[in-house]
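Step one of this worksheet: look at the structure below.
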Amino acid sequence: MSTATNGSPLRRHKVAIIGSGNWGSAIAKILAENAAENSNLFEPEIRMWVFEEDYQLPSSHPAYNPSQHSRPCKLSELINELHENVKYLPDIPLPKNIVADPSLLSAVKDASLLIFNVPHQFVAKICDQIDGKILPYARAISCIKGVDVSPQGISLFSDYIGRKLSIYCGALSGANIASEVALEKFCETTIAYDPPGTLTPVPEDLPVVNHELWKTLFHRPYFHVSMIHDVAGTSLGGALKNVIAIGAGFVDGMGWGDNAKAAIMRIGILEMRKFGLMFFDTCRSETFTEQSCGVADLITSCAGGRNHRCAKLSVAQGRPIEEIEREVLNGQKLQGTLTAKEIYEFLSARGKAEEFPLMTAVHRILIGKEKVEDIPQLLHSGGKNEPSMSLHSSQPSYPCRRAGRFGVHIHQVRNSLHIYINRVDARRIPNMISLAGDLEADDPDFASDAFWAAREPSPAAFPQGQEPYDPDFGSQDNQEEWELEITRHDDLLEEEEDQSDVDDDPDDADAAYVTVSEADLRAWVGQLRRGFGAAPSAFDRWEEPAELHDTSFYFQDALYEREHGGNPDTPFVFFVRPTESSVDLLRQRNSIVLDRDRQILFNATGWPISEWQFRLNELNEEEAASHDDGPRPQQPRGSRGVGRFRRDNPGSTREGSPSPSLEVDEILETLQLSVDDDLSRLFTDGGSDGSDEEPEYAYAFTPAASSSGSWLARGSLRGGSQGDSGDRGQGSMASPA
Ligand SMILES: NC(=O)C1=CN([C@@H]2O[C@H](COP(=O)(O)OP(=O)(O)OC[C@H]3O[C@@H](n4cnc5c(N)ncnc54)[C@H](O)[C@@H]3O)[C@@H](O)[C@H]2O)C=CC1
Ligand SMILES: O=C(CO)COP(=O)(O)O
C-alpha cells in the first residue's frame with residue numbers, strides 16, 4: 001500500500017453531496033463538520049450540488065442587504081455568501097467548508113465518496129448526467145427514501161445508483177427529521193454498506209473505504225450511526241414508512257386519537273417487514289424492528305414528518321394533498337404519495353395488493369378510490385390479510401438438480417434444509433460465518449468458536465475484513481464440502497420424531513446442525529444467494545424468495561425465469577481470465593465473468609446467478625451428452641480453447657483446435673445472442689508476445705437486440721500482466737498470477 005512515511009495514506013477522500021434540500025443540507029453540515037475534524041482522511045471542502053433556482057431573500061433576513069438582495073438571487077450564490085440554505089434549511093448556519101455548486105459535473109469531479117440526497121423522483125436524471133463522469137472507484141451512500149419501481153420490478157435506489165454508475169452504493173436511513181438533526185438534537189441513524197468483492201479497487205494511496213470510514217464521515221455526538229449490512233432493509237424502511245406516515249396523517253386528520261395512530265403504526269411495520277422479506281431476499285427482519293431506519297423512523301415520521309403533516313392537513317381541510325404540499329412545504333417534496341402509487345402498482349401487478357391492506361388503502365384514498373372514513377374496514381379482513389410469515393406456499397416444485405461444481409447446493413429434506421457448500425464458496429460470502437455463528441445452535445460443537453475457527457479461512461484471505469477474489473477458486477484443493485443442516489424451530493418436535501429419516505452423517509466433521517428461526521433462515525438464504533452475486537434487480541422474479549420447497553432454490557429461480565419467457569435483452573457474457581480493466585468494462589456492460597472452468601467469478605448482470613448456473617449446467621450436460629454420452633473429458637488448464645470465430649463469417653468459421661468444450665455458435669443461436677463489438681477491444685492476440693503460454697480465449701456475448709448481425713468476438717487474455725493487483729479493500733480483484 002502506498003503510504004507516507006508515517007504510515008498514513010497519501011491522499012484523502014474528496015466528498016461530494018448531490019442534493020441540497022432540507023435533508024441534503026442537514027447532511028452536508030454533518031459531512032463538513034466531520035471532514036474538517038478528520039482532515040487526514042477527507043479533504044475539508046465538501047462540494048454540495050445545488051439544483052439552481054432564483055430565490056428572493058426575505059427582507060426580514062438578518063443578512064438582507066437591499067443593494068444586493070432586492071431582486072431574486074441564485075440560490076447557490078446565496079448559500080455560499082450567507083453560509084445558510086435560506087430556502088430549504090433556513091436559520092441553520094452551515095460550515096464554511098461547504099461549497100454550493102450549481103454544476104453537477106463540477107460537484108462530482110474527482111470525488112471518491114458520493115452522497116446522494118435528493119427526492120427520489122430526480123435520481124434517474126441525475127445519474128444519466130453523471131454516468132461516466134465520476135471516478136470508477138468512487139463509493140457512494142444514498143440518503144434517499146424511496147424505491148425505484150419500473151415495469152420490470154422494484155429495486156432500491158442504492159442499487160439503481162450502483163448499477164447506473166457502475167460503482168457500489170450503500171444506504172443511510174433513520175429517524176432523522178432534518179430540521180431536528182440540523183439543530184443538533186440527538187438522534188440515531190443506520191448506514192448499510194455491503195459491497196461485493198468485484199469493484200474497481202480504491203487506489204492504495206487513499207484510505208480504505210469500509211464501515212469505519214463511513215462512520216467517521218457521518219457519526220456526530222448528536223447523530224449516532226449504526227453500521228449494518230442489510231442495505232435492502234435499511235432502504236425499504238425509509239421508503240415504506242412514508243406511505244404509512246400518510247396513513248397516520250389520515251387518522252390524525254380525522255381526529256381519531258392516539259390509539260388509532262398506534263394501530264396504523266403496528267400494521268404498518270408488519271407490512272413493511274413483510275414487503276421486505278417477500279421481495280428482497282437479503283432483507284433481515286430485525287432491521288425493521290431494531291434499527292433506527294425501521295420502527296424508529298416510522299414513529300418519528302408518524303409524529304412529525306412532512307408526509308404525516310400534509311396528509312393530516314389534507315383530511316382536516318378536505319383538500320388534495322398535492323395542494324397542501326405546494327402550500328406548506330415551500331418547494332420541499334413529499335415522497336410518500338409517489339411511493340404509495342409505485343408500491344401499489346408493483347403489488348397489483350403481482351396479485352399481492354390485498355396482502356398489504358394498509359399500503360393499498362393509503363394509495364386508493366390518495367387517488368380518491370376509497371374514503372379515509374373506511375380505513376377500519378379496509379384494514380379488517382378477519383385476519384385474512386394480516387401480514388404473516390408462512391413458510392409454505394403453493395409454488396410448484398421442480399425436480400432437484402445438483403449444483404455440481406458451482407459450489408452451493410440447497411436442498412430440502414423433509415423439514416430441514418441442507419446446504420452443501422465448498423470452502424471457497426463460503427469465503428466468497430461475506431459474513432457467512434458470523435451469520436451462522438449468530439444462529440441458535442443445536443449442536444454445542446457447532447456453536448463453539450473452535451468449530452468455526454477451524455473452518456475460518458485465514459485472515460490474509462480477507463484484507464481489511466473484505467473478501468478477495470480467490471485465484472484458486474475452483475481448484476481441486478478447495479472442493480472440500482460443508483454440509484449444514486438447518487431446521488426450522490417450529491418443526492423441531494416433528495423432526496426429532498423423524499430423525500431416522502434425515503439424511504445426515506454424524507461422523508462427518510464438517511456437518512453441522514443448526515436450529516434457525518424463519519427470519520434467520522430467509523436472511524441466510526438471501527445471504528448465500530447474494531454472496532453468489534444474485535443481482536438485486538432479479539429479486540422481483542422470486543415471488544416467494546425464501547420458501548422451502550422440495551427442490552433446489554437456485555433452479556427454482558431459473559425455471560421460474562424460463563417459464564416466464566426471460567428477457568431477450570439479457571446479456572450473456574462468457575469470459576476467461578478477467579483482468580482489472582476488462583472486468584471494469586464488463587461490469588459497466590452488465591456482464592458475467594467466468595473462469596476457464598466455467599466457475600462464475602462474478603455476476604454483474606441483472607439475472608440471478610442461479611440462471612447462469614442453470615444455463616451452464618445445461619451446457620455441461622449437453623456437452624457431456626455430445627461426447628459419446630460420457631462425461632466431458634478433462635482438459636489441462638489453459639488448453640480449453642474453443643476454436644476461433646471471425647466477425648466476417650458469423651459464428652461458423654473456426655480455426656485452431658476444434659472445440660472440446662463448447663459449441664459457441666449453437667449457444668448463440670439457441671439463446672439468440674450476439675457479441676458486443678466494443679468488448680472485442682478487451683482482447684489481445686494470445687501468444688503474440690512470443691510467450692509459450694497458451695492463449696486463453698474470451699467469449700463475450702451480449703443480446704442480439706443490441707446488434708444487427710450475430711457474430712462473436714474472439715480474443716485471448718494473457719494472465720498476470722495487469723500490474724497492480726489491487727488486492728485490498730472491498731472490490732479488489734487480484735490479477736491471476
Ligand atoms: N427532510 C427530511 O426530514 C428528510 C428527508 N429524507 C429524504 O431525503 C431525500 C431528499 O429530501 P430533502 O433533502 O428533504 O429534499 P426536499 O424535500 O427539501 O426537496 C427539495 C429539493 O429538491 C430539489 N429539486 C427540485 N426540483 C428538482 C429537479 N428537477 N431536479 C433535481 N432536484 C430538484 C430542490 O432543489 C431541493 O434541493 C428524500 O428522499 C427524503 O425522503 C430523509 C430523512 C429526513
Ligand atoms: O424521513 C423523515 C424522518 O426520518 C422525514 O420524513 P418526511 O419526508 O415525511 O418529513
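Order of listing sets the numbers, starting from 1, for every ligand and every atom in it.
- Put simply, the side chain of D297 never gets that close to the backbone of S173: no donor and acceptor are under 3.5 Å apart.
- At a heavy-atom distance under 4.0 Å, no atom of S179 approaches ligand 1.
- If you look at W23 next to ligand 1, the close heavy atoms, those under 4.0 Å, come from the backbone and the side chain alike.
- Contact annotation: A178 has no heavy atom less than 4.0 Å from any atom of ligand 2.
- Each of the atoms 1 (O), 2 (C), 3 (C), 4 (O) of ligand 2 lies under 4.0 Å from some heavy atom of K145.
- The backbone N or O of L334 sits less than 3.5 Å from a side-chain atom of E325, completing a donor-acceptor pair.
- The closest approach between a heavy atom of G331 and any atom of ligand 1 is below 4.0 Å.
- Side chains of L105 and W49 form no contact here, defined as non-hydrogen atoms less than 4.5 Å apart.
- Across the listed options C143, A178, A239, A178 owns the non-hydrogen atom lying nearest to atom 3 (O) of ligand 1.
- More than 12 heavy atoms of other residues, nucleotides or ligands sit less than 6.0 Å from atom CD of E37.
- Between E33 and R220 there is a salt bridge, since a side-chain N of the basic residue sits under 4.0 Å from a carboxylate O of the acidic one.
- If you check which protein heavy atom lies closest to atom 9 (O) of ligand 2, you get N307 ND2, 2.7 Å.
- Counting protein heavy atoms only, atom 19 (O) of ligand 1 is closest to P119 CG, 3.3 Å.
- Of the possible donor and acceptor atoms, one in the side chain of S25 sits under 3.5 Å from a partner among the backbone N and O of S20.
- The option from K333, M48, Q335 that lies nearest to atom 16 (P) of ligand 1, judged by heavy atoms, is K333.
- Atoms of ligand 1 lying under 4.0 Å from at least one heavy atom of G21, given by number and element, are 13 (O), 15 (O), 18 (O), 21 (C), 36 (C), 37 (O).
- Scanning the protein for heavy atoms near atom 34 (C) of ligand 1, the closest one is Y88 OH, 3.5 Å.
- The shortest contact between atom 5 (C) of ligand 2 and any protein heavy atom is with K241 NZ, 3.7 Å.
- When only non-hydrogen protein atoms are considered, atom 7 (P) of ligand 2 lies nearest to R306 N, 3.4 Å.
- In this structure, the protein non-hydrogen atom closest to atom 10 (C) of ligand 1 is N117 OD1, 3.3 Å.
- Between F51 and F122, the ring planes are parallel. Angles under 30° get that label, and only those over 60° would be called perpendicular.
- Among protein heavy atoms, the minimum distance from atom 18 (O) of ligand 1 is reached at N22 N, 2.8 Å.
- Taking the side chain as every heavy atom from C-beta outward, C127 and Y160 approach each other to under 4.5 Å.
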(request) Begin with the C-alpha distance, continue with both residues' side-chain angles, and end with the deciding distance and a verdict on side-chain hydrogen bond (donor to acceptor under 3.5 Å, both in side chains) for S285 and R273. (result) CA-CA 6 Å; S285 177; R273 186 182 67 162; 3.1 Å; yes

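- Only the backbone of N176 comes within 4.0 Å of ligand 1, counting heavy atoms alone; no side-chain atom from C-beta on gets that close.
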Taking only distance into account, with no hydrogens and no angle test, what donor-acceptor pairs under 3.5 Å do side-chain atoms of residues 108-118 form with protein atoms, sequence neighbours excluded?
residue : atom : partner : partner atom : Å
S112    : OG   : H13     : ND1          : 2.8
S112    : OG   : K14     : N            : 3.2

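- Atom numbering of ligand 2 starts at 1 in the shown order; those under 4.0 Å from a heavy atom of G305 are 9 (O), 10 (O).
- Here H229 and H211 bring their ring centres to under 6.0 angstrom of each other.
- Salt bridge E345/K341: present, at least one basic N to carboxylate O contact under 4.0 Å.
- A 6.0 Å sphere centred on CG of D128 holds more than 12 heavy atoms belonging to other residues, nucleotides or ligands.
- Proximity of K125 to ligand 1, defined as any heavy-atom pair under 4.0 Å, is not found for any part of the residue.
- Polar contact with ligand 2: present for G174 (N/O pair, distance under 3.5 Å).
- Ring-plane geometry between F275 and F280 is classed as tilted, the angle between the planes lying from 30 to 60 degrees on a 0 to 90 degree scale.
- Of the protein's heavy atoms, D297 OD1, 2.6 Å lies nearest to atom 4 (O) of ligand 2.
- Taking the six-membered ring where the residue is Trp, F279 and F346 present perpendicular rings, their angle passing 60° and hence far from 30°.
- Not close to ligand 1: G146, with no non-hydrogen atom less than 4.0 angstrom away.
- Heavy-atom proximity to I177, at under 4.0 Å, picks out these atoms of ligand 1: 3 (O).
- When heavy-atom distances to ligand 1 are checked against a 4.0 Å cut-off, V50 has no atom that comes that close, whether in backbone or side chain.
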(request) Verify side-chain hydrogen bond (donor to acceptor under 3.5 Å, both in side chains) between T189 and N176, making sure each step is shown before the conclusion. (result) CA-CA 7 Å; T189 201; N176 303 142; 2.8 Å; yes

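- The closest approach between S301 and ligand 2 falls below 4.0 Å for a heavy atom of the residue.
- Each of the atoms 39 (O) of ligand 1 lies under 4.0 Å from some heavy atom of I144.
- Atom 32 (N) of ligand 1 has its closest protein heavy atom at F122 CD1, 3.4 Å.
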(request) With ring-ring contact (aromatic ring centres under 6.0 Å, His included) as the test, would you mind laying out the steps for F356 and Y344 before giving the verdict? (result) CA-CA 9 Å; F356 296 84; Y344 176 78; over 10 Å; no

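- The nearest heavy-atom contact from the protein to atom 35 (O) of ligand 1 is F51 CB, 3.4 Å.
- Listed by number with element, the atoms of ligand 2 under 4.0 angstrom from any heavy atom of N176 are 3 (C), 4 (O).
- On a distance-only criterion, G24 and ligand 1 share at least one N/O pair closer than 3.5 Å.
- Close N/O approach between K145 and ligand 1 is found [any backbone or side-chain N/O within under 3.5 Å].
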